Amino acid sequence: MPKSLISVGQLIDHSWDAYRTRFSELMTISGWLILTAVFYALALAFYPSASTLEAGSVLTVMESFGVIFFLVTTMVIAPIMSFWIYTSLTRALSMHFAGRKPNPKKAMMQGKKAFLPALLTSAMVMLMMLLAIVIGFGPAVILATIGSLAGVGSLVLISNILLLAGIFVAVFLTAKWMVYYILAPLITIIDGDKGKVALKKSRALIEGRFWAVLIRIVIPKLVFIIFGVFAMVMAGYIGSVLIDASGGINLDLQLRITTLTQTIIPIVIAAFINPLIVISDVLLLRSLNE
């Protein structure tokens, strides 16, 4: 007889227990996220001042470097680093729940190997979300196009009605499939199942327990994120007090420091919160498998 699904309270408690037990190993991995904060700090150090941007002046070589490096960090480095940390944390937690002490270096090597397969599975999940939107809005768009080209007003009117219905269909399918396939990347990292196999396995585990799984996915993350937001607000408040206290600095420098603080603090907080979020998902997957 299968065990009952792990409760929300157990998910939060057990996640915290694993976090405390393996804090050093997990932060050795998650702490790499702070490297992106260093890159942002470097980019913002050379970023053009607010007055330069408002005046529309020609940027210097170093200011151009700051802008380009900021964009590269945002669009390339940060996403790659974040996903690698996710796969590595998952591998480290697999070691922990298998009764072995996680080896951060080994976990990051395994996370590197799982990076592309997990990325492919994640892309397929996103394609499923896109398919839900196409199914919802596709008929209305096609009918509206035909009506416009043929000059038939009644078809355009019907397409507007279909559009309203399509909104509900798209929202329903997107929410449903997001829950069904949300554990697929995790399955790829832990079990090695890729692509369609991981998606099918995720759906098979969750089907029939949609609301139970949805609650267990959302609530622990909300608890951890609220804790992180509280820490971020407190750190931001202390930072703003210190900045306001230094009234002697010019406005451009003050704005630069404020932007730097607002960019770096969330990254540092995320480095501490990410392991908790991954732990809760791994625990949920283990419970579903049982």
Side-chain angles (χ1 to χ4, degrees), residues 2 4-9 11-12 74-75 79 82-83 86 118-189 193-229 266 270 273-274 276-278 280-285 287-289:
S4 59
L5 203 59
I6 187 171
S7 69
V8 173
L11 269 177
I12 296 171
T74 301
M75 301 177 68
S82 299
F83 199 73
Y86 167 68
L119 186 63
L120 175 62
T121 302
S122 299
M124 292 186 69
V125 174
M126 295 307 297
L127 284 175
M128 293 300 297
M129 302 304 103
L130 181 61
L131 179 60
I133 295 173
V134 170
I135 291 173
F137 294 106
V141 172
I142 293 171
L143 200 60
T145 302
I146 295 173
S148 298
L149 293 175
V152 181
S154 58
L155 289 180
V156 176
L157 179 62
I158 294 172
S159 71
N160 290 332
I161 297 172
L162 285 177
L163 181 62
L164 292 175
I167 293 173
F168 293 100
V169 172
V171 170
F172 171 77
L173 288 179
T174 301
K176 181 179 179 179
W177 289 351
M178 175 59 79
V179 174
Y180 275 163
Y181 303 121
I182 196 169
L183 296 178
L186 210 62
I187 290 170
T188 297
I189 300 168
D193 297 319
K194 303 174 184 178
K196 290 182 180 180
V197 176
L199 265 65
K200 288 179 180 178
K201 187 172 182 180
S202 177
R203 178 160 186 160
L205 289 171
I206 295 171
E207 202 158 23
R209 295 183 282 194
F210 178 88
W211 292 109
V213 171
L214 178 61
I215 291 171
R216 286 159 176 79
I217 288 173
V218 172
I219 293 182
K221 290 182 177 62
L222 278 178
V223 172
F224 301 143
I225 290 172
I226 288 172
F227 176 76
V229 169
I273 298 300
N274 280 345
L276 282 166
I277 293 174
V278 178
S280 67
D281 283 344
V282 172
L283 284 170
L284 178 59
L285 178 59
S287 180
L288 286 166
N289 278 320

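From a predicted model like this one, the values you see are computed outputs, not experimental measurements. Start at 1 with the first residue, then count along the sequence.
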side-chain contact (heavy atoms from CB on, under 4.5 Å) evaluation trace for I277 with I225: CA-CA 9 Å; I277 293 174; I225 290 172; 4.3 Å; yes
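- Separation of atoms CH2 (W177) and CG (L130) is listed at 10.5 Å; rounding is to 0.5 Å.
- If you take CD1 on I158 and CD1 on I146, they are separated by 11.0 Å, rounding to the nearest 0.5 Å.
- Annotation for S287 and I6: closest pair OG-N, 2.9 Å, computed over non-hydrogen atoms.
- The backbone N or O of A212 sits less than 3.5 Å from a side-chain atom of R216, completing a donor-acceptor pair.
- Note: T188 OG1 to L183 CG = 11.0 Å, rounded to the nearest 0.5 Å.
- Of all the heavy atoms in A184 and V125, the pair that sits closest is CB-CG2, 4.2 Å.
- In plain terms, the two heavy atoms of K221 and S280 that are nearest each other are NZ-OG, 4.3 Å.
- Put simply, the side chain of V213 does not reach to within 4.5 Å of the side chain of I182, judged on heavy atoms.
- Taken to the nearest 0.5 Å, the CG atom of D281 stands 9.0 Å off from the CG atom of L11.
- In this structure the side chain of N160 never reaches within 4.5 angstrom of the side chain of L164, judged on heavy atoms.
- For the atom pair OG1 of T121 and OH of Y181, the computed distance is 13.0 Å after rounding to the nearest 0.5 Å.
- Closest heavy-atom contact between A118 and I189: CB-CG1, 3.7 Å.
- Annotation: F210, atom CZ; neighbour count of heavy atoms from other residues, nucleotides and ligands within 6.0 Å is above 12.
- A donor-acceptor contact shorter than 3.5 Å links the side chain of T145 to the backbone of V141.
- Here the side chains of L214 and W211 are in contact, with some heavy-atom distance below 4.5 Å.
- Using a 4.5 Å heavy-atom cutoff, the side chains of L276 and F227 are not in contact.
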Trace of the ring-ring contact (aromatic ring centres under 6.0 Å, His included) decision for Y86 with F83: CA-CA 5 Å; Y86 167 68; F83 199 73; 5.7 Å; yes
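- Of the inter-residue distances, the one linking F137 atom CZ with L162 atom CG reads 12.0 Å to the nearest 0.5 angstrom.
- Taking a 6.0 Å sphere around NZ of K200, one finds it holds 12 or fewer heavy atoms contributed by other residues, nucleotides or ligands.
- The minimum heavy-atom distance linking S122 with P185 is given by the pair OG-CG, 3.4 Å.
- Heavy-atom minimum distance, P79 versus T74: CD-O, 3.3 Å.
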